[in-house]
Protein chains: 2
Amino acid sequence: MGTVEKAVSLLKLFSVPEPEMGLSDLARKASFDKATTRRLLMALTRHGLVEQDADTRRYRLGAGVSRLARIRDAHFPFVKIALPIVRDLAAQTGETVHLSEHSADALLTVHVELSARANRVNVDVGQTLPLHATASGLAFLAFSRSEAVGRYADSVLEAFTAHTVTRRERLMDTIRLAASRGYSESAQGYEEGVHSVAAPILAHDGYAIGTLAVAAPVSRVDGAAASLHGQAVVRAARLISGRLNGEPPARG
Amino acid sequence: MGTVEKAVSLLKLFSVPEPEMGLSDLARKASFDKATTRRLLMALTRHGLVEQDADTRRYRLGAGVSRLARIRDAHFPFVKIALPIVRDLAAQTGETVHLSEHSADALLTVHVELSARANRVNVDVGQTLPLHATASGLAFLAFSRSEAVGRYADSVLEAFTAHTVTRRERLMDTIRLAASRGYSESAQGYEEGVHSVAAPILAHDGYAIGTLAVAAPVSRVDGAAASLHGQAVVRAARLISGRLNGEPPARG
DNA sequence: AATAGCGGTTCAAATAATGAACCGACAAGG
DNA sequence: CCTTGTCGGTTCATTATTTGAACCGCTATT
């Protein structure tokens with residue numbers, strides 16, 4: 001593992017439930033030597049990607065990461081553009097809706113609107129979703145370059161539940177179905193009891209850059225509901241794609 | 001320079017006006033070898049901190065930086081808390097207002113509300129402000145630990161304009177004035193034609209963690225206006241400090 | 001058809017990263 | 001009050017990684 005990747009791994013140890021850690025803790029979690037860990041942290045600190053509390057000596061993510069994110073968001077305001085549409089879809093369906101962005105061979109959840117119902121699906125911002133086991137992933141693959149899909153289908157497909165699609169041929173069939181319908185469907189492929197439909201958000205070139213998904217408890221989803229959610233998520237995803245690619249918002 | 005710092009330097013080359021670059025361009029700007037630059041970029045890409053456009057082969061900041069920023073913001077919602085107060089101040093003064101956070105011996109602009117007027121000061125999000133040459137920096141130093149101020153004052157102070165304070169004694173005087181008034185003032189110390197006042201945003205321990213500033217064209221600022229801006233920026237900065245440290249928003 | 005730029009790759013040489021052992025400080029327990 | 005364990009941090013001989021000149025194939029200009 002290269003030095004740079006080690007440094008980035010350290011950054012990735014910070015999370016919403018654990019946003020601050022001491023040196024030894026970080027070293028243990030990353031399985032790096034304490035001296036190494038410290039040198040990496042100092043390098044990151046010098047550039048503001050990490051900061052150290054003056055009192056507790058614990059480390060946390062620094063203002064530099066916010067700065068970088070702002071630069072990116074100014075150029076590619078994915079969440080900002082999608083937000084109103086995501087909210088509309090959540091209101092329409094009454095179910096949990098989540099928005100994901102492609103990153104490093106997975107989908108990164110960047111926004112969630114939780115259902116108001118007591119029995120609902122919970123998704124965390126920052127969670128990464130595997131491509132073969134979630135509706136979002138399937139929708140993404142269905143609108144990806146075929147070489148990339150082939151490469152992914154050839155890799156080892158982890159089974160998260162008894163329903164996870166792990167055989168290459170079944171996966172390719174599922175992807176083809178999603179491509180022809182415009183949206184994907186997955187029942188309990190990643191978590192037991194969860195049903196999801198998802199549609200791709202497309203770049204100007206017609207390939208997916210992210211996905212929009214509706215997730216509901218299986219108990220609440222029959223064929224009719226699934227179809228309704230599917231059509232709604234496709235409409236919403238198309239709206240987002242349109243605005244991302246410069247199409248003006250519709251009037252009224 | 002360590003490998004990690006080189007990688008981070010690459011990230012820092014991206015900016016709001018130039019959010020995408022080719023390999024050779026990046027290598028030239030960073031003064032790294034093309035092969036080195038590419039290896040660093042690949043390491044960053046593997047973790048989603050950088051992404052490469054499939055068509056143009058140009059590089060840009062990736063979704064990973066947004067993810068890290070969300071983790072940090074969940075724990076330390078500086079901008080979110082400050083935003084309404086920053087907007088009020090912008091409305092009150094009619095001038096450009098910018099919010100900065102301390103990071104790696106400089107101030108990082110994390111939010112900007114631009115004046116609606118045709119003749120206005122422009123500040124970019126992500127811009128870093130030197131501590132000795134901007135109103136923000138002076139306000140920050142005026143409320144920093146004296147050892148840190150001493151160390152900074154001993155370093156080489158770059159002159160950005162003919163008005164930049166570069167002599168240690170002048171700097172210390174300016175800082176003392178800011179400390180006693182509660183806000184700092186800088187006329188054309190960083191950019192010609194720009195007048196700014198700034199006040200510190202304080203942590204629970206009373207030391208500055210960031211600043212709030214009002215920037216206006218010198219032509220529009222006389223003594224009375226400067227004083228008004230100064231008082232307004234102090235009020236707004238105090239409100240932000242209070243809410244950051246757990247004080248509830250005032251009613252009405 | 002010649003030139004110059006681009007993104008990307010190679011491999012011997014050079015430089016940087018590594019980690020076991022160490023320090024002083026602090027806190028809990030006997 | 002002395003032991004034990006853990007903390008953050010440092011040192012330096014050993015080791016493994018980074019480095020960059022030269023190269024490739026490609027595309028656009030001239």
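As a basis for the values below, the full set of heavy atoms in this structure was taken, side chains included, without hydrogen atoms, waters or symmetry mates. Every chain is numbered from 1, with letters handed out A, B, ... down the list of sequences.
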If the cut-off is 4.0 Å, is [X] near the phosphate of [N], judged by side-chain N/O to OP1 or OP2?
X       : N      : value
B:Tyr59 : C:dG8  : yes
B:Thr3  : C:dA16 : no
B:Arg57 : C:dG7  : no
B:Arg28 : C:dC6  : yes
A:Thr36 : C:dA17 : no

Nearest whole Å is fine: how far is [N] [atom2] from [X] [atom1]?
X       : N      : atom1 : atom2 : result
B:Met42 : C:dT9  : CE    : P     : 7 Å
B:Leu41 : D:dT18 : CG    : P     : 14 Å
B:Glu20 : C:dG7  : CD    : P     : 12 Å
A:Leu26 : D:dC7  : CG    : P     : 12 Å
A:Leu23 : C:dG19 : CG    : P     : 14 Å
A:Lys6  : C:dA16 : NZ    : P     : 17 Å
A:Arg39 : D:dC12 : CZ    : C1'   : 12 Å
A:Asp25 : D:dG8  : CG    : P     : 8 Å

message: If you only use heavy atoms from C-beta on, which nucleotide in C:dG7, C:dA20, D:dC7 is closest to the side chain of A:Asp33?
response: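 Between C:dG7, C:dA20, D:dC7, the one nearest the side chain of A:Asp33 would be C:dA20.
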
message: Heavy atoms from C-beta onward define the side chain here; which of C:dT9, C:dT18, D:dG9 lies closest to that of A:Arg38?
response: D:dG9

Residue closer to the 5' end of DNA chain D, A:Gly22 versus A:Ala35 (nearest nucleotide): A:Gly22

- prompt: What closest approach, in Å, do A:Glu51 and A:Leu61 show between heavy atoms, and which atom pair accounts for it?
  reply: CG-O, 3.8 Å

field: Which atom of B:Ala236 lies closest to which atom of B:Leu212, heavy atoms considered
entry: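 For B:Ala236 and B:Leu212, the tightest heavy-atom pair comes out as CB-CD2, 3.5 Å.
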
- prompt: Contact class for A:Gln52 vs. all strands (heavy atom < 4.0 Å): base, sugar-phosphate, or nothing?
  reply: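 Result for A:Gln52 = sugar-phosphate.
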
message: Counting the atoms with a prime plus P, OP1 and OP2 as sugar-phosphate, which does A:Arg58 contact under 4.0 Å by heavy atoms, base, sugar-phosphate, or nothing?
response: nothing

field: Donor-acceptor pair present, B:Lys34 side chain and C:dG8 base, under 3.5 Å
entry: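 Looking at the base of C:dG8, it does pair with a donor or acceptor on the side chain of B:Lys34 (distance under 3.5 Å).
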
task: Flag the pair A:Leu202 / A:Tyr207 as yes when at least one side-chain heavy-atom distance between them is below 4.5 Å, and no otherwise.
output: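 No - every pair of side-chain heavy atoms lies 4.5 Å or more apart.
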
field: Within 45° cone and under 6.0 Å: B:Arg72 NZ/CZ vs A:Phe14 ring
entry: no

message: Can you see whether A:Arg67 engages B:Ser103 through a side-chain donor-acceptor pair at a distance of less than 3.5 angstrom?
response: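 Side chains of A:Arg67 and B:Ser103: no pair found under 3.5 Å.
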
